Engineer: 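I have a structure I would like to understand better, so I am pasting it below and will then ask my questions one at a time.
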Amino acid sequence: MKSLLMFAVVSVVTFSACGQKVNTKSPIAEVKGSTASGTTIYIRYNQPSVKGRTIGKDLEPMAGKVWRTGADSATVFEVNKDVKIEGKALAAGRYALFTIANGEDWTIILNKDVHKWGAFSYKESEDVVRVNVKAGKAAAFAEKFTITVSKAGKVDLLWGDSDVAFTVE
(Lines give C-alpha, C1' and ligand atoms only; values in the text may rest on other atoms or scores of the structure.)
Protein backbone atom coordinates (compact mmCIF):
# COMPACT_ATOMS: atom_id res chain seq x y z
CA MET A 1 0.00 0.00 0.00
CA LYS A 2 2.82 2.43 0.89
CA SER A 3 4.55 1.60 -2.39
CA LEU A 4 1.40 2.37 -4.38
CA LEU A 5 0.92 5.68 -2.54
CA MET A 6 4.57 6.65 -3.12
CA PHE A 7 4.26 5.77 -6.83
CA ALA A 8 1.15 7.98 -7.11
CA VAL A 9 2.87 10.95 -5.45
CA VAL A 10 6.00 10.64 -7.61
CA SER A 11 3.85 10.33 -10.76
CA VAL A 12 1.83 13.48 -9.96
CA VAL A 13 4.97 15.51 -9.20
CA THR A 14 6.71 14.27 -12.37
CA PHE A 15 3.74 14.99 -14.66
CA SER A 16 3.25 18.43 -13.09
CA ALA A 17 6.89 19.35 -13.60
CA CYS A 18 6.90 18.13 -17.21
CA GLY A 19 3.89 20.24 -18.08
CA GLN A 20 5.47 23.51 -16.92
CA LYS A 21 7.20 25.92 -19.25
CA VAL A 22 10.92 26.44 -18.75
CA ASN A 23 11.57 29.91 -17.37
CA THR A 24 15.19 30.74 -18.07
CA LYS A 25 16.75 33.50 -16.01
CA SER A 26 19.30 34.11 -18.74
CA PRO A 27 17.40 34.52 -22.02
CA ILE A 28 18.87 33.63 -25.38
CA ALA A 29 20.39 36.49 -27.34
CA GLU A 30 21.72 36.53 -30.89
CA VAL A 31 23.89 38.99 -32.73
CA LYS A 32 24.74 38.89 -36.40
CA GLY A 33 26.97 41.30 -38.24
CA SER A 34 28.61 41.57 -41.62
CA THR A 35 32.01 43.11 -42.16
CA ALA A 36 32.93 45.31 -45.11
CA SER A 37 34.74 42.30 -46.64
CA GLY A 38 31.52 40.22 -46.59
CA THR A 39 32.27 38.03 -43.60
CA THR A 40 29.18 37.19 -41.56
CA ILE A 41 29.72 36.80 -37.82
CA TYR A 42 26.90 35.12 -35.88
CA ILE A 43 26.92 34.69 -32.10
CA ARG A 44 24.26 32.94 -30.01
CA TYR A 45 24.50 33.12 -26.22
CA ASN A 46 22.48 33.21 -23.02
CA GLN A 47 22.39 36.62 -21.39
CA PRO A 48 22.92 36.65 -17.60
CA SER A 49 22.14 39.75 -15.51
CA VAL A 50 24.18 41.17 -12.64
CA LYS A 51 21.16 41.73 -10.33
CA GLY A 52 23.22 43.34 -7.55
CA ARG A 53 25.83 40.58 -7.48
CA THR A 54 29.58 41.07 -7.82
CA ILE A 55 31.20 39.83 -11.04
CA GLY A 56 34.19 37.65 -10.20
CA LYS A 57 32.88 36.88 -6.72
CA ASP A 58 29.18 35.91 -6.94
CA LEU A 59 29.01 35.73 -10.70
CA GLU A 60 31.20 34.49 -13.54
CA PRO A 61 33.78 34.96 -14.85
CA MET A 62 35.96 33.93 -11.95
CA ALA A 63 39.62 34.96 -12.22
CA GLY A 64 41.74 32.35 -13.98
CA LYS A 65 38.82 29.99 -14.72
CA VAL A 66 37.37 29.09 -18.11
CA TRP A 67 34.00 30.80 -18.62
CA ARG A 68 31.36 29.83 -21.18
CA THR A 69 31.10 33.58 -22.00
CA GLY A 70 27.44 33.84 -21.11
CA ALA A 71 25.14 31.55 -19.19
CA ASP A 72 23.66 28.07 -19.59
CA SER A 73 24.94 26.34 -22.75
CA ALA A 74 28.21 27.36 -24.37
CA THR A 75 28.20 30.47 -26.56
CA VAL A 76 28.20 29.69 -30.29
CA PHE A 77 30.49 31.74 -32.55
CA GLU A 78 30.09 31.21 -36.30
CA VAL A 79 31.80 32.71 -39.36
CA ASN A 80 30.94 32.05 -43.00
CA LYS A 81 34.50 32.55 -44.31
CA ASP A 82 38.02 31.80 -43.21
CA VAL A 83 39.10 34.68 -40.95
CA LYS A 84 41.80 35.81 -38.57
CA ILE A 85 41.05 36.38 -34.89
CA GLU A 86 43.55 38.91 -33.58
CA GLY A 87 45.86 37.74 -36.40
CA LYS A 88 45.40 33.97 -35.85
CA ALA A 89 43.81 31.88 -38.61
CA LEU A 90 40.33 30.41 -38.07
CA ALA A 91 38.51 28.31 -40.69
CA ALA A 92 34.89 29.07 -41.55
CA GLY A 93 32.53 27.20 -39.22
CA ARG A 94 30.88 26.99 -35.80
CA TYR A 95 32.82 27.14 -32.55
CA ALA A 96 32.22 27.47 -28.83
CA LEU A 97 33.41 30.81 -27.44
CA PHE A 98 35.09 30.63 -24.05
CA THR A 99 37.09 33.23 -22.15
CA ILE A 100 39.43 33.40 -19.19
CA ALA A 101 39.50 36.66 -17.21
CA ASN A 102 42.57 37.73 -15.28
CA GLY A 103 41.93 41.35 -14.40
CA GLU A 104 42.68 43.41 -17.49
CA ASP A 105 44.17 40.41 -19.32
CA TRP A 106 41.65 38.13 -21.00
CA THR A 107 42.09 35.01 -23.11
CA ILE A 108 39.62 34.53 -25.97
CA ILE A 109 39.16 30.84 -26.85
CA LEU A 110 37.41 29.27 -29.84
CA ASN A 111 36.84 25.57 -29.26
CA LYS A 112 35.64 22.78 -31.58
CA ASP A 113 32.92 21.43 -29.29
CA VAL A 114 29.81 23.64 -29.56
CA HIS A 115 27.60 21.07 -27.77
CA LYS A 116 28.49 21.91 -24.18
CA TRP A 117 26.48 22.96 -21.17
CA GLY A 118 28.62 25.57 -19.52
CA ALA A 119 32.34 24.93 -19.26
CA PHE A 120 32.05 21.78 -17.15
CA SER A 121 33.38 19.44 -19.85
CA TYR A 122 35.67 21.99 -21.53
CA LYS A 123 38.84 20.43 -22.97
CA GLU A 124 41.79 22.64 -23.85
CA SER A 125 42.87 19.98 -26.38
CA GLU A 126 39.82 20.97 -28.50
CA ASP A 127 40.84 24.65 -28.73
CA VAL A 128 41.27 25.94 -32.27
CA VAL A 129 42.31 29.52 -31.47
CA ARG A 130 43.53 31.20 -28.28
CA VAL A 131 44.41 34.89 -28.19
CA ASN A 132 45.10 37.36 -25.41
CA VAL A 133 43.47 40.79 -25.27
CA LYS A 134 43.20 43.64 -22.80
CA ALA A 135 39.91 44.52 -21.13
CA GLY A 136 38.84 48.13 -21.25
CA LYS A 137 36.33 50.19 -19.30
CA ALA A 138 32.80 50.03 -20.69
CA ALA A 139 31.16 53.33 -21.67
CA ALA A 140 28.19 52.39 -19.47
CA PHE A 141 27.54 49.64 -16.92
CA ALA A 142 26.17 46.52 -18.68
CA GLU A 143 23.54 45.00 -16.36
CA LYS A 144 22.99 42.24 -18.92
CA PHE A 145 25.92 40.50 -20.56
CA THR A 146 25.89 41.81 -24.13
CA ILE A 147 27.90 40.99 -27.25
CA THR A 148 28.10 43.39 -30.19
CA VAL A 149 29.64 43.06 -33.65
CA SER A 150 30.71 46.08 -35.72
CA LYS A 151 31.12 46.44 -39.50
CA ALA A 152 34.86 46.66 -38.88
CA GLY A 153 34.79 43.12 -37.42
CA LYS A 154 35.21 44.22 -33.81
CA VAL A 155 33.46 41.93 -31.32
CA ASP A 156 32.78 43.52 -27.92
CA LEU A 157 31.93 41.55 -24.80
CA LEU A 158 30.20 44.00 -22.45
CA TRP A 159 29.71 42.87 -18.84
CA GLY A 160 29.47 45.10 -15.81
CA ASP A 161 32.15 47.79 -16.14
CA SER A 162 34.23 45.76 -18.62
CA ASP A 163 34.50 45.92 -22.39
CA VAL A 164 36.57 43.08 -23.80
CA ALA A 165 37.10 43.36 -27.54
CA PHE A 166 38.72 41.25 -30.23
CA THR A 167 38.93 41.66 -33.99
CA VAL A 168 37.76 39.37 -36.76
CA GLU A 169 39.38 40.06 -40.14
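Being a predicted model, the structure only gives us computed values, none of them experimental.
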Engineer: What's the shortest heavy-atom distance between V131 and I85, and which atoms?
Structural biologist: CG1-O, 3.5 Å

Engineer: Within the structure provided, determine whether I109 and Y122 are in side-chain contact (heavy-atom separation under 4.5 Å).
Structural biologist: yes

Engineer: Would you say the side-chain atoms of T35 pair up with the backbone N or O of T39, donor to acceptor, closer than 3.5 Å?
Structural biologist: yes

Engineer: Quick one: salt bridge (charged side-chain N to carboxylate O under 4.0 Å, His left out) partners of E126, sequence neighbours excluded?
Structural biologist: K116

Engineer: Quick one: does any side-chain atom of T40 pair with a main-chain N or O of N80 as donor and acceptor, under 3.5 Å?
Structural biologist: no

Engineer: More than 12 heavy atoms of other residues, nucleotides or ligands under 6.0 Å from CD of E104: yes or no?
Structural biologist: no

Engineer: Closer than 3.5 angstrom, by distance alone: can the side chain of T75 be matched with the main-chain N or O of R68 as a donor-acceptor pair?
Structural biologist: yes

Engineer: For I28, is there any backbone N or O sitting under 3.5 Å from a side-chain donor or acceptor partner on Q47?
Structural biologist: no

Engineer: Side chain of W159, backbone of E60: donor and acceptor closer than 3.5 Å?
Structural biologist: yes

Engineer: Do you know which two heavy atoms are closest between N46 and S73, and how far apart they sit?
Structural biologist: OD1-OG, 3.8 Å

Engineer: Whether the side chain of D127 engages the backbone of V129 through a donor-acceptor N/O pair (distance < 3.5 Å, no angle test) should be reported.
Structural biologist: no

Engineer: Hey, can you tell me if F145 and W67 have their rings parallel, tilted or perpendicular (30° and 60° cut-offs)?
Structural biologist: perpendicular

Engineer: Specify the closest pair of heavy atoms between K154 and A165, including all atoms of both residues, with the distance to one decimal.
Structural biologist: CE-CB, 3.6 Å

